[in-house]
Amino acid sequence: MQRFSGRHFVLRRIGLYILIFWCAITLNFIIPRLMPGNAASALMARSQGTLPPSALRALELAFGIHTHASMFTQYVDYLRNTLTGHFGISFTYFPTPVAQVIGSMLPWTLFLIGLSTVIAFVLGNIIGVYSAWRRGHRLADALPVAFTLMSSMPYFWAGLALLYVLGFTLNWFPISHAYSHNIQLGWNFQSLGSVLYHAILPAFSIVITTMGRWVLDMRNNLIGILSDDYVTLAQMKGLPEREIMVNYGARNALLPVLTSFAMSLGFVVGGAVVVEVVFNYPGIGFGLFNAVINSDYPMMQAILLIIVVAVLLANLVIDLLYSFLDRRISDA
Amino acid sequence: MADDPIALTIKQMSVSYPSPRGWVQAVRDVSLQVKRGQMVGLAGESGSGKSTLAMAATRVLRPPSARIGGSVRIIGRDVFSLSVRELRAARWKTFAFVSQSAMNALNPVMSVRAQMRDAIRAHDSMYSSGNADKRCEEVLRIVDVPVNKLDSYPHQLSGGQRQRVVIALALILQPQLIIMDEPTTALDVVAQRAIIALIRRLQRQLGFAVLLITHDLTLVLEVADEVVIMYGGRVMETGASNELLGNAMHPYSRALIQSFPPLHGVMTRQEGIPGTPPDMVNPPEGCPFAARCILAKEVCLREMPVLVTHGNRAVACHHAAGNRTFGGSIQ
């Protein structure tokens, strides 16, 4: 009976997320069409009269803009194109299809921002557990203060400072790009080394500025939980300290934190625009920045869609994870 | 050592908590004893220091969160001189605990089985998982909870079941002493009676000693062999429950007995005890109950009465020497 309710929960969740996804892509369809003009007329405006009016029709055809088709036909086309990954052609990288441009950016962002987010989360929680468990000790009480201070720096500022000191002045780290341009990228140690070397500074600036939040969340939750009766009982049972800390303390303290982790994981994809721009890193954030500057509508739309999908996926995964970590959720 | 006839001895225990206004003297000079196989009730209203005493005696409460004096022996071993390692080994195996609110005593994210098995594993790594499971089922059967609840999570159990599971958990390593802190507080009256009857039955069958902490004096008088009554951090009166029930010597014990409805017999109008417990940051110089006691005289306010033994009972009251002369009622 319990198994049944668990499976039921998963199906219900997945159904809910499909509904949300449909709402999101429909909004993504409606909003640009509520605005005056389209990609073709934007390009006409940018040409400042150098293009003849007849070029408008040509541009519309080239971009696949069907202003004459009915809203319904456009919507159906849009849905089909979205689901099959046809996002149109990028203006910035004309005539490369948006899907291809994003495909080349996404791995870099997933690697850099995704990894730094996970590292910050794991390290932050470990430090948070430590500082709650050993509270009263000098180091344990100093750590949260130090991390609060660091997380109050905006991360582009931390990035710029690191870039200036470690990259520019001391010349220890490269100051831009994802890998050296004099190597051929491939699955070998030289490429891997170069990629890691280039990722250190941006990753470090993200980790130190976002970790503080996890440290504080974990510490505060855990201190509250440590005074709960079941933790006292676990001590009475004579369990090893480590086991109490993990199974009784941290497992319960982690539950509320997971939701914010899901959100930040979702925003990995579009998240670190500023870091990618500061470090000239060829990821989605950098792409979004360029797309905005160049009024690259298909590109923006596709990136926003990808952010939506990422947020939804991350939330779905965490939701399902919850049902394993806390049975009260799937039973509700 | 192992055949020490005393399960728990608490000697001259004092416990104070730091507070912004100064040290709260929650427990002052309390001594008590629980013999093997005996059930001793520790009764008193909230704030009388009874839970603090239990927490300090088992070293759950420890400096710097409290200042603790006195000595404790459990099954012949001096609790305060055990190393952390020895203490951890003694816990649950020698003395177990049933905590105040069964509702929160179980970890919400672990199944009943997991919470029973970690206790077994922590003390006996040689236990095979098959044997551990067998033991888990056995203790659940002892407390009349269906065995299929082993894989349930706490939120899937009723309040009474949770309390029974907590008791089963305490039994799992066959301890010689179980300290029960208000084991029935969160339950309705019917479930309370069932749990108390269960504890009494198990205690007789399995022979462990129980220190039963409760605010319900009439209940404890009915089930416990001996009762210790605390007020304002001090022991007011101790004695066999059958003697105390009919013939309490301390005015506080009498007032406490009269403020609860009798479990059997005629219904009468209940009287409360007027006034409030003393401020434990600045406890009164004399008897802590003097301010609420209708018999209080000048000496009561000035001087703390000592706990005087009268045969197999003891009472701390200036009036107790001639207690049989002041009549049956203190109202």
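Predicted, not measured: the structure shown is a model, and the values here were computed from it. Letters go in sequence order (proteins before strands), and every chain restarts at 1.
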Is there a donor-acceptor pair under 3.5 Å between the side chain of [X] and the backbone N or O of [Y]?
{"X": "T94(B)", "Y": "R91(B)", "answer": "no"}
{"X": "Q176(B)", "Y": "R36(B)", "answer": "no"}
{"X": "N315(A)", "Y": "V311(A)", "answer": "yes"}
{"X": "R77(B)", "Y": "I74(B)", "answer": "no"}
{"X": "T109(A)", "Y": "L106(A)", "answer": "no"}

Assess whether a salt bridge exists between E138(B) and R141(B), defined as any Lys/Arg side-chain N lying under 4.0 Å from an Asp/Glu carboxylate O.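 Here E138(B) does not pair with R141(B) in a salt bridge, since their nearest N and O are not under 4.0 Å apart.
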
Nearest 0.5 Å, please: how far is CZ in R113(B) from CG in D133(B)?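 Answer rounded to 0.5 Å: 4.5 Å.
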
Supply the atom-to-atom distance M116(B) CE to L173(B) CG, rounded to the nearest 0.5 angstrom.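 Here the rounded value is 10.5 Å.
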
Measure [X] against the heavy atoms of chain A and call it side chain, backbone, both or neither at under 4.5 Å.
{"X": "R59(B)", "value": "neither"}
{"X": "A119(B)", "value": "both"}
{"X": "L169(B)", "value": "side chain"}

By number, which residues in residues 234-258 of chain A have some heavy atom less than 4.5 Å away from chain B?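 Residues in range: Q235(A), M236(A), K237(A), G238(A), L239(A), P240(A), E243(A), N247(A), Y248(A), R251(A), N252(A), L255(A).
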
Specify which of I172(B), L87(B), V109(B) makes the most heavy-atom pairs with chain A at under 4.5 Å.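 When all of I172(B), L87(B), V109(B) are compared, V109(B) has the most.
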
